[in-house]
Amino acid sequence: MPRHRPIPHLSDNPPMKIRFTKMHGLGNDFVVIDAINQPVELTAAQARFLADRRFGVGCDQILIVERPTQPGVDFRYRIFNADGSEVEQCGNGARCFVRFVVDAHLTEKQEIRVETKSGIIAPRLEGNGEVTVDMGAPILEPARVPFISDSAELIQPLAVDGRDYAITAVSMGNPHAVQVVDNVDTAPVETHGPIIERHPRFPARVNAGFMQIVDRHAIRLRVFERGSGETLACGTGACAAVVTGIARGLIDSPVRVETRGGYLSIAWQGPGTPVMMTGPAVAVFDSEIELPK
Ligand SMILES: N[C@@H](CCC[C@H](N)C(=O)O)C(=O)O
């Protein structure tokens with residue numbers, strides 16, 4: 001993984017110091033940066049530096065909080081994977097984003113509308129400190145995931161390492177390939193996850209989800225994330241898995257999703273309706289770091 005390679009010397013320009021907050025949602029961890037009160041325009045190399053667990057701070061994703069660019073919206077937030085790629089959506093990140101803007105007094109609101117690369121989402125801080133996010137309606141049409149297929153079937157064969165997996169391609173703003181496995185503990189997440197992530201039928205790469213059905217209201221889930229590797233939890237992955245399970249007739253809303261980092265609650269009432277995700281968001285520490293230019 002690029003994040004474990006030594007960080008190359010980026011340039012001879014003077015370093016730039018930024019303040020950040022380290023946060024996590026179920027162990028999916030973030031460097032969150034206020035780009036409203038300090039000037040920040042990250043390069044991909046700087047994002048990789050921040051994400052690096054040995055040479056930088058260490059995180060799965062970097063979240064940048066900015067002023068909105070359109071009316072009727074409170075903030076814009078941008079998401080970078082550990083490999084420096086900018087992505088459309090992040091569920092655990094959305095919850096941490098809310099906790100961050102409330103704790104930093106960037107808003108008085110508990111219910112916020114925020115622009116992301118894939119549209120507007122609406123997170124709400126609950127009385128118990130958890131955050132509920134309206135993640136919008138899932139997309140199952142292959143071309144819009146994007147997934148290359150000549151059929152619109154819900155369950156599609158995907159050739160991986162000499163065998164056909166039965167996957168469902170779902171977009172939650174970002175692309176997911178979800179499959180059902182007997183046991184997530186023994187599923188080939190580390191070996192086949194990276195192959196699925198870069199499968200040629202997913203032209204934008206994909207997050208690879210491995211879901212075990214526990215009962216009609218509970219699943220266990222592991223996700224090999226595009227651009228970050230396996231994380232302890234993936235919020236959009238949990239939404240995509242629940243949509244897949246409900247659409248396949250295997251589970252019913254609401255669903256308790258067990259990840260390696262803890263539990264999420266996901267509700268979905270069916271096609272055309274938004275997926276609602278509820279879970280924790282935790283601030284770990286505030287600090288500052290010099291970014292090489
Ligand atoms: N951890 C996130 C998803 C982050 C983006 C993902 N790796 C992608 O490339 O789409 C979540 O909680 O949803």
Side-chain angles (χ1 to χ4, degrees), residues 1 3-4 20-32 50-53 56-63 77 79-83 87 89-100 103 123 125-126 128-133 135 172 174 176-179 181 183-190 193-194 196-197 207-214 217-245 251 254-267 275-285:
M1 292 290 298
R3 58 206 279 220
H4 297 313
F20 68 90
T21 301
K22 181 75 193 295
M23 301 189 76
H24 75 89
L26 304 177
N28 176 193
D29 61 345
F30 307 104
V31 165
V32 188
L50 283 173
D52 192 284
R53 295 191 186 278
V57 181
C59 64
D60 298 317
Q61 275 90 32
I62 294 114
L63 311 178
Y77 107 106
I79 307 144
F80 294 84
N81 278 328
D83 70 357
V87 292
Q89 199 54 274
C90 178
N92 292 324
R95 299 197 316 278
C96 287
F97 155 82
V98 175
R99 185 80 266 166
F100 178 84
D103 289 355
L125 188 59
E126 306 285 2
N128 63 1
E130 291 217 321
V131 180
T132 297
V133 189
M135 296 292 293
M172 284 307 311
N174 58 345
H176 293 266
V178 183
Q179 61 178 290
V181 296
N183 183 345
V184 280
D185 295 325
T186 53
V189 181
E190 296 95 343
I196 298 170
E197 182 203 3
N207 299 286
F210 299 77
M211 153 171 70
Q212 174 186 341
I213 309 290
V214 177
H217 290 284
I219 64 169
R220 301 178 71 215
L221 180 71
R222 287 172 68 188
V223 179
F224 189 94
E225 286 197 27
R226 174 179 67 166
S228 299
E230 185 179 5
T231 54
L232 290 182
C234 176
T236 49
C239 297
V242 168
V243 166
T244 298
I251 51 177
V255 179
R256 183 168 151 92
V257 180
E258 180 190 329
T259 71
R260 291 201 152 179
Y263 293 90
L264 282 173
S265 174
I266 308 288
V275 182
M276 304 301 293
M277 173 192 62
T278 303
V282 177
V284 185
F285 64 88

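Values below: all heavy atoms of this structure, side chains included; hydrogens, waters and symmetry mates excluded.
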State, to 0.1 Å, how close [X] and [Y] come at their nearest heavy-atom pair, and which atoms those are.
X      : Y      : value
Ala283 : Thr21  : CB-CG2, 4.3 Å
Met135 : Cys239 : CG-SG, 4.0 Å
Val98  : Pro123 : CG2-CB, 3.1 Å
Ser228 : Ala82  : OG-N, 3.4 Å
Ile251 : Val242 : CD1-O, 3.8 Å

Would you indicate whether the side-chain heavy atoms of [Y] and [X] approach each other to under 4.5 Å?
X      : Y      : value
Leu264 : Asn92  : yes
Arg53  : Asp60  : yes
Ile266 : Val275 : yes
Val184 : Leu221 : no
Val131 : Thr278 : no
Glu230 : Arg222 : yes

Side chain [X], main chain [Y], donor-acceptor under 3.5 Å:
X      : Y      : result
Asp29  : Met23  : no
Glu197 : Gly227 : yes
Asn183 : Asp185 : yes
Ser265 : Arg256 : no

With Arg226 via salt bridge (charged side-chain N to carboxylate O under 4.0 Å, His left out) - residues at least two apart: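 For Arg226 the salt bridge (charged side-chain N to carboxylate O under 4.0 Å, His left out) partners, ignoring immediate neighbours, are Glu88.
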Who pairs with Arg99 by salt bridge (charged side-chain N to carboxylate O under 4.0 Å, His left out), at least two apart in sequence or on another chain?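 Here the qualifying residues are Asp103.
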Please list, chain by chain and in numerical order, all residues satisfying side-chain contact (heavy atoms from CB on, under 4.5 Å) with [X], sequence neighbours excluded.
X      : result
Val282 : His24
Pro254 : His217, Ala267
Gln179 : Tyr165, Ile167, Val181, Ile196, Phe210
Thr259 : Leu26, Ala233, Val257

As an exercise, state the distance from CD1 of Ile62 to CZ of Phe30, rounded to the nearest 0.5 Å.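 Rounded to the nearest 0.5 Å, the CD1-CZ separation comes to 10.5 Å.
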Give, for atom CE of Met172 and atom SG of Cys90, the distance between the pair rounded to the nearest 0.5 Å.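 Result: 12.0 Å between the selected atoms.
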Can you check side-chain contact (heavy atoms from CB on, under 4.5 Å) on Ile219 and Glu258, steps first, answer last? CA-CA 6 Å; Ile219 64 169; Glu258 180 190 329; over 6 Å; no
If the condition is side chain to side chain donor-acceptor pair (under 3.5 Å), which residues does Glu126 pass it with, not counting sequence neighbours?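 Expected list: Arg124, Thr132.
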Which residues share a side chain to side chain donor-acceptor pair (under 3.5 Å) with Asn174, sequence neighbours left out: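 Checked Asn174 against side chain to side chain donor-acceptor pair (under 3.5 Å); matches are His176, Thr236.
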Holding to ring pair (Phe, Tyr, Trp, His ring centres under 6.0 Å), I want the full list of residues that pass it with Phe97, two or more places apart in sequence or in another chain.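 If we apply the ring pair (Phe, Tyr, Trp, His ring centres under 6.0 Å) test to Phe97, skipping adjacent residues, the hits are Phe75, Tyr77.
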Distance alone, cut at 3.5 Å: any donor-acceptor contact between the side chains of Gln61 and Asn28?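 Gln61 vs Asn28: donor-acceptor pair found between side chains.
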Regarding Glu225 and Asn207, is there a side-chain donor-to-acceptor distance under 3.5 Å anywhere?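 No - no donor-acceptor pair under 3.5 Å links their side chains.
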